[in-house]
Amino acid sequence: MSSDNNPNKPLEPKVNELIGECQSLILATVDAEGNPTASYAPFARSGNKFYILVSYMAKHTKNLKEIGKVSAMFTEDESATRQIYARHRLTLDMSTNEIPRDTPEWDTAVALLQTAHGKILDILTGMQDFIMIELTAKKGAYVNGFGSAYFVDENLEILNHRNDINHTVVEKSAN
């Protein structure tokens, strides 16, 4: 699917390309009382799983561990977007799972993060307040322009174009 220079035709979805351009993801968490927290974390990816190393000093860590779900967003760099209102973005509903230290899963996640972000992981993994959280995609939405929005499944595959809600122009009153 391509735009063919037709502004009314959706752009081709490029979920993996957008994720590949990002080093961090935006997190929307809530605490046990439902109080929201917005934050971010650097990540590494393996399939539909994303690994983040987070400190208990951050509010989102307790929320991620105790609530077990999060909304995560990947966004196009503002300096690269042609229209700020149509910024490319992927939002995923995800489950969370703490990965214990001294397990093969921990070692794999650390190796992925180290490949993505370098030697800083040697320092951070040596601090006891840092824990590893595995985020697993459940479903989501991908937007890459006006009228170009898609439903995404747990494998980050496009399900279908979101054409259930159409933009309509507001009639201006003659004064």
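Just so it is clear, the structure is predicted and the values come from calculations on it, not from any experiment. Residue numbers run from 1 in the order of the sequence given.
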For this session: Can you measure from CZ (Arg45) to SG (Cys22) and round to the nearest 0.5 angstrom?
Result: 11.0 Å

For this session: Might you point out which heavy atoms bring Ser71 and Thr91 nearest each other, and give the distance in Å?
Result: OG-CG2, 3.4 Å

Exercise. When you look at Asp77 and Glu21, which way does the side-chain contact (heavy atoms from CB on, under 4.5 Å) test go after all the steps?
Worked result: CA-CA 8 Å; Asp77 189 310; Glu21 293 170 2; over 6 Å; no

For this session: List the steps and the verdict of side-chain contact (heavy atoms from CB on, under 4.5 Å) for Lys139 and Val152.
Result: CA-CA 6 Å; Lys139 64 179 179 175; Val152 177; over 6 Å; no

Exercise. So do Met73 and Leu90 actually touch side chain to side chain, heavy atoms under 4.5 Å?
Worked result: no

Exercise. Linking I/L/V/M/F/W/Y whenever any side-chain heavy atoms sit under 4.5 Å apart, do Ile26 and Leu53 land together?
Worked result: no

Problem set entry | 4.5 Å side-chain heavy-atom contact, Lys62 and Thr29 | no

Exercise. What's the verdict on side-chain contact (heavy atoms from CB on, under 4.5 Å) for Asp31 and Glu66, showing C-alpha distance, side-chain angles and the deciding distance?
Worked result: CA-CA 8 Å; Asp31 65 18; Glu66 292 181 1; over 6 Å; no

For this session: Could you list all the salt bridge (charged side-chain N to carboxylate O under 4.0 Å, His left out) pairs where at least one residue sits in residues 47-58, not counting sequence neighbours?
Result: Lys49-Glu134

Problem set entry | Point-to-point distance, once rounded to the nearest 0.5 Å, from OG1 of Thr81 to NE2 of His88 | 6.0 Å

Exercise. Would you say Ile123 and Phe130 are hydrophobically clustered, going by side-chain heavy atoms of ILVMFWY under 4.5 Å?
Worked result: yes

Exercise. Any luck finding a side-chain donor-acceptor pair between Glu76 and Asn144 under 3.5 Å?
Worked result: no

Exercise. Does His161 use its side chain to pair, donor to acceptor, with the backbone of Gly147 at less than 3.5 Å?
Worked result: yes

Seminar exercise, completed: All heavy atoms of Ala44 vs all of Ala116, minimum pair found to be CB-CB, 4.5 Å

For this session: With rounding to the nearest 0.5 Å, note down the distance linking CG in Asn48 to CD in Glu157.
Result: 10.5 Å

Problem set entry | ring pair (Phe, Tyr, Trp, His ring centres under 6.0 Å) contacts touching residues 63-86 (sequence neighbours left out) | Phe43-Phe74, Phe50-Phe74

Exercise. Closest approach of Pro36 and Val30, non-hydrogen atoms and distance?
Worked result: CA-CG1, 4.1 Å

For this session: Taking the side chain as every heavy atom from C-beta outward, state whether Thr125 and Trp106 have any pair of such atoms under 4.5 Å apart.
Result: yes

For this session: State, with a plain yes or no, whether a side-chain heavy atom of Met132 is found less than 4.5 Å away from one of Leu113.
Result: yes

Exercise. Just wondering, do Glu105 and Thr108 contact through their side chains at under 4.5 Å, heavy atoms?
Worked result: no

Seminar exercise, completed: Heavy-atom closest pair (Gly140 atom, Leu92 atom, distance to 0.1 Å) is CA-CD2, 4.0 Å

For this session: Looking only at non-hydrogen atoms, find the nearest pair between Leu121 and Gln114 and report the distance.
Result: CG-N, 3.9 Å

Exercise. Taking the side chain as C-beta and beyond, is there a heavy-atom pair between Ile131 and Val54 under 4.5 Å?
Worked result: yes

Exercise. How about Asn35 and Asn63: do any of their side-chain heavy atoms sit closer than 4.5 Å?
Worked result: no

Problem set entry | Side chains of Arg101 and Gln128 in contact at under 4.5 Å (non-hydrogen atoms) | yes

Exercise. In chain order, what residues pass the side-chain contact (heavy atoms from CB on, under 4.5 Å) check against Ala58, with sequence neighbours excluded?
Worked result: His60, Thr61

Seminar exercise, completed: Value for NZ (Lys59) from CG (Leu27), rounded to nearest 0.5 Å, stands at 14.0 Å

Problem set entry | Counterpart residues, side-chain contact (heavy atoms from CB on, under 4.5 Å), relative to Thr96 (two or more places apart) | Leu64, Val70, Ile133, Leu135

For this session: Would you kindly confirm whether Val15 and Val143 end up in one hydrophobic cluster when ILVMFWY residues are joined by side chain heavy atoms under 4.5 Å apart?
Result: no

Problem set entry | Which residues share a side-chain contact (heavy atoms from CB on, under 4.5 Å) with Lys69, sequence neighbours left out | Ile67

Problem set entry | From Glu154 atom CD to Lys138 atom NZ, the distance as rounded to the nearest 0.5 Å | 8.0 Å

Problem set entry | Co-membership, hydrophobic cluster, residues Ile99 and Ile52, 4.5 Å side-chain | no

Exercise. Does the Arg82 side chain pair with the main chain of Ala80, one donor and one acceptor, at a distance under 3.5 Å?
Worked result: no

For this session: Indicate if Leu25 and Ile120 have the same hydrophobic cluster label, given that clusters are the connected sets of ILVMFWY residues with side-chain heavy-atom separations under 4.5 angstrom.
Result: no

Exercise. For the atom pair OH (Tyr150) and CD1 (Ile158), what is the distance rounded to the nearest 0.5 Å?
Worked result: 7.0 Å

Problem set entry | Results of side-chain contact (heavy atoms from CB on, under 4.5 Å) for Lys14 - residues two or more places apart only | Glu12, Glu17, Tyr142

